Amino acid sequence: MIVVLLLSLTTAVTAGLLLYGADKGLGPLAGWLAGSNEDTIHSIKEIHEFFANFTLALVAGHLIGVVWESLLHRENLARAMVTGRKRLTTPHIISRNRVHAPGPVRPIATLLLAVNLLVAGPLMAGHDHDEIRRLRGTGQILSLETIIANHRTRHPGGQLLEAGLESEHGRYVYDLKFLGDDGVVREFEYDARTGALWHSEHEDHEK
């Protein structure tokens, strides 16, 4: 969706500049299109209007999709897009590569960045999974089963909602979420190497 939106928006803007130059003789492309005939101007105008409306339709469809999925899965996807943290429906071991985006960039650079992430994301995730398997195989990080067992020794009861393994700057942390009998979701972060509790917090469970 991001790539299609960027392509559509870029095409609409480019066609707008072409139309501005051909019809008004103004803008950065005026020198190339001055004196264009009516057929050319009409064709550029049609392209510009189509992609402008297409971009708006994509935005509307994307927003509707976010709202629909948020209601369907009972989670705030808009918040997940900002925080980078998403609730899983079943317990999984996952690795999340945190990509820190640069500051304001031009539209072309933004498009290249989106394509790069689209292609490189799976490769980065695969490399990270290989590293996790190597560390577990050599005993450098504890297994998820060990972490959960140690957790239940300290905090009996509760339903496991998700289990994630995060990596950042060579540090690995198990992120566990449990739904307690009191209807409160509690999150615990454990050092994957030592099993020590690093951080915990809770939030009201959405009913």
Side-chain angles (χ1 to χ4, degrees), residues 1-2 59-102 113-114 116-207:
M1 175 60 77
I2 291 173
V59 171
H62 186 56
L63 293 177
I64 293 173
V66 169
V67 173
W68 174 259
E69 287 292 315
S70 295
L71 295 175
L72 183 64
H73 296 290
R74 298 172 62 90
E75 63 178 317
N76 192 332
L77 290 181
R79 181 177 62 187
M81 292 176 188
V82 176
T83 64
R85 301 172 69 88
K86 184 179 183 295
R87 187 184 69 198
L88 298 179
T89 56
T90 56
H92 289 296
I93 298 178
I94 59 174
S95 62
R96 294 189 281 256
N97 292 278
R98 299 182 179 180
V99 180
H100 300 280
L113 176 63
N116 256 329
L117 292 177
L118 184 66
V119 174
L123 299 178
M124 292 169 62
H127 172 76
D128 202 49
H129 280 297
D130 291 340
E131 179 66 10
I132 290 172
R133 282 194 294 268
R134 184 187 70 81
L135 292 173
R136 288 192 58 181
T138 56
Q140 296 184 54
I141 63 175
L142 300 174
S143 67
L144 174 63
E145 293 77 11
T146 300
I147 294 292
I148 294 177
N150 291 341
H151 171 84
R152 291 196 179 280
T153 300
R154 305 170 189 171
H155 307 277
Q159 176 187 353
L160 179 63
L161 297 179
E162 74 173 71
L165 180 59
E166 298 183 11
S167 63
E168 184 178 10
H169 307 305
R171 183 180 67 186
Y172 291 89
V173 178
Y174 279 109
D175 186 357
L176 309 181
K177 279 191 177 182
F178 285 86
L179 173 61
D181 298 333
D182 54 0
V184 175
V185 175
R186 292 178 173 84
E187 181 177 0
F188 302 86
E189 293 183 354
Y190 288 97
D191 187 329
R193 297 180 184 272
T194 66
L197 178 64
W198 276 12
H199 177 72
S200 65
E201 60 184 24
H202 68 273
E203 59 186 33
D204 292 333
H205 177 56
E206 296 178 359
K207 296 183 180 180

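Since the structure is predicted, the reported quantities are computational estimates derived from the model, not experimental observations.
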Sequence neighbours left out, what passes ring pair (Phe, Tyr, Trp, His ring centres under 6.0 Å) with H155? Give chain and number order.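 With sequence neighbours excluded, H155 shows a ring pair (Phe, Tyr, Trp, His ring centres under 6.0 Å) to H151, F188, given in chain and number order.
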Qualifying residues under side chain to side chain contact (heavy atoms under 4.5 Å, CB included), relative to [X], sequence neighbours excluded:
X	value
T194	D191, A196
L63	V59
E69	L72, H73, L77

What I'd like to find out is whether the side chain of [X] reaches to under 4.5 Å of the side chain of [Y], using heavy atoms alone.
X	Y	result
Y172	L165	yes
R154	R152	no
L160	K177	no

Partners meeting side chain to side chain donor-acceptor pair (under 3.5 Å) with [X] (sequence neighbours left out):
X	result
Q159	none
T153	none
S70	none

Nearest heavy-atom pair of E189 and L197: which atoms, and what distance? O-CD1, 3.4 Å
Looking only at heavy atoms, what is the nearest atom pair of R193 and Q140, with distance? CG-O, 3.4 Å
Ignoring hydrogens and angles, tell me if any N or O in the side chain of Y190 forms a donor-acceptor pair with the backbone of I148 under 3.5 Å.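 A pair under 3.5 Å: no.
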Between R186 and L176 (side chain of the first, backbone of the second, donor and acceptor by atom type, cut-off under 3.5 Å), is there such a pair?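 No, the answer is negative, given that no donor and acceptor are paired below the 3.5 Å cut-off.
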Just verifying a value: how many Å separate L179 CG and L161 CG, rounded to the nearest 0.5 Å?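 CG of L161 is found 5.5 Å from CG of L179.
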